[in-house]
Amino acid sequence: MMLSLIVALGADNSIGKGGDLLWRLPGDLKRFKETTTGHSIIMGKKTFLSLPKGALPHRRNIVVSTTLSPQEGVEVYTSLEKALEAVKGEDEVFIIGGAMLYETTLPYADRLYLTRVSASFPDADTYFPEIDFTEWCPKHQTTFQKDERNAYQTVLTIYDRIPYFKKK
Ligand SMILES: NC(=O)c1ccc[n+]([C@@H]2O[C@H](COP(=O)([O-])OP(=O)(O)OC[C@H]3O[C@@H](n4cnc5c(N)ncnc54)[C@H](OP(=O)(O)O)[C@@H]3O)[C@@H](O)[C@H]2O)c1
């Protein structure tokens with residue numbers, strides 16, 4: 001199984017504020033949907049609660065939480081280990097946030113889908129962990145210019161882990 005992290009982050013590694021995102025970038029959300037559809041997505045409780053319509057369609061929604069009660073369209077596991085056990089054997093599984101889950105899974109991840117938003121967000125309260133880019137090989141990069149619907153330029157880079165650096 002390939003474990004992939006997918007995230008949009010500011011120039012300062014910011015990812016959220018007050019339980020929500022820091023930007024409205026419909027183009028990036030569309031690419032997120034295209035990338036994750038048909039796969040399992042694993043998220044923390046706060047990220048799940050931030051989804052305006054609950055579970056995301058056409059994906060197996062998995063929440064890691066010790067306190068979330070059973071929800072329509074969602075599997076809840078009390079530990080990351082149990083969640084990963086449940087998706088064993090799948091081809092590619094996505095960790096979609098938030099900071100807590102990114103922090104725990106980054107050392108074990110095989111691939112990163114990293115959208116870099118070309119601004120800093122000083123009022124952020126949630127950050128992606130530091131990435132040691134010497135451990136990662138960029139495979140593909142696309143720049144998306146800002147436009148009337150997307151307020152910031154973004155750069156999507158897909159990185160594959162150099163296997164030597166993967167934590168077993
Ligand atoms: N920019 C992006 O791409 C992106 C993506 C996702 C989220 N976000 C933002 O990130 C923020 C949320 O992140 P967050 O770090 O505050 O919360 P989070 O990781 O979404 O949720 C934290 C909660 O999930 C459960 N949890 C997480 N990891 C766990 C683990 N390893 N084992 C057991 N339980 C675990 C715990 O719930 P219990 O207390 O119930 O056990 C924990 O309190 C929001 O602002 C959101 O909008 C941004």
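Every value quoted in this text rests on a predicted model; they were computed, and no experiment measured them. Counting starts at 1 for both ligands and their atoms, following the listed order.
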Return a table of donor-acceptor pairs under 3.5 angstrom between the side chains of residues 85-92 and protein atoms on other chains or two or more places apart.
| from | atom 1 | to | atom 2 | distance (Å) |
| --- | --- | --- | --- | --- |
| Glu85 | OE2 | Lys88 | NZ | 3.1 |
| Glu90 | OE1 | Ser40 | OG | 2.7 |
| Glu90 | OE2 | Ser40 | OG | 3.3 |
| Glu90 | OE2 | Arg60 | NH1 | 2.7 |
| Glu92 | OE2 | Ser4 | OG | 2.6 |
| Glu92 | OE2 | Tyr113 | OH | 2.8 |

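The side chain to side chain donor-acceptor pair (under 3.5 Å) test applied to Thr104 returns no partner, not counting sequence neighbours. Applying the side chain to side chain donor-acceptor pair (under 3.5 Å) rule to Lys30 yields the partners Glu34; only residues at least two apart in sequence or on another chain are considered.
Side-chain atoms of Lys82 and Thr78 form a donor-acceptor pair, as typed in the model, at a separation below 3.5 Å. In summary, the side chains of His39 and Thr37 do not present any donor paired with an acceptor at a separation below 3.5 Å, with no hydrogens or angles considered.
Closer than 4.0 angstrom to ligand 1 sit non-hydrogen atoms from Val7, Ala8, Ile15, Gly16, Lys17, Gly19, Asp20, Leu21, Trp23, Gly44, Lys45, Lys46, Thr47, Val64, Ser65, Thr66, Thr67, Thr78, Ile96, Gly97, Gly98, Ala99, Met100, Leu101, Tyr102, Thr104, Thr126.
With a 4.5 Å cut-off on side-chain heavy atoms, Leu25 and Val117 count as touching.
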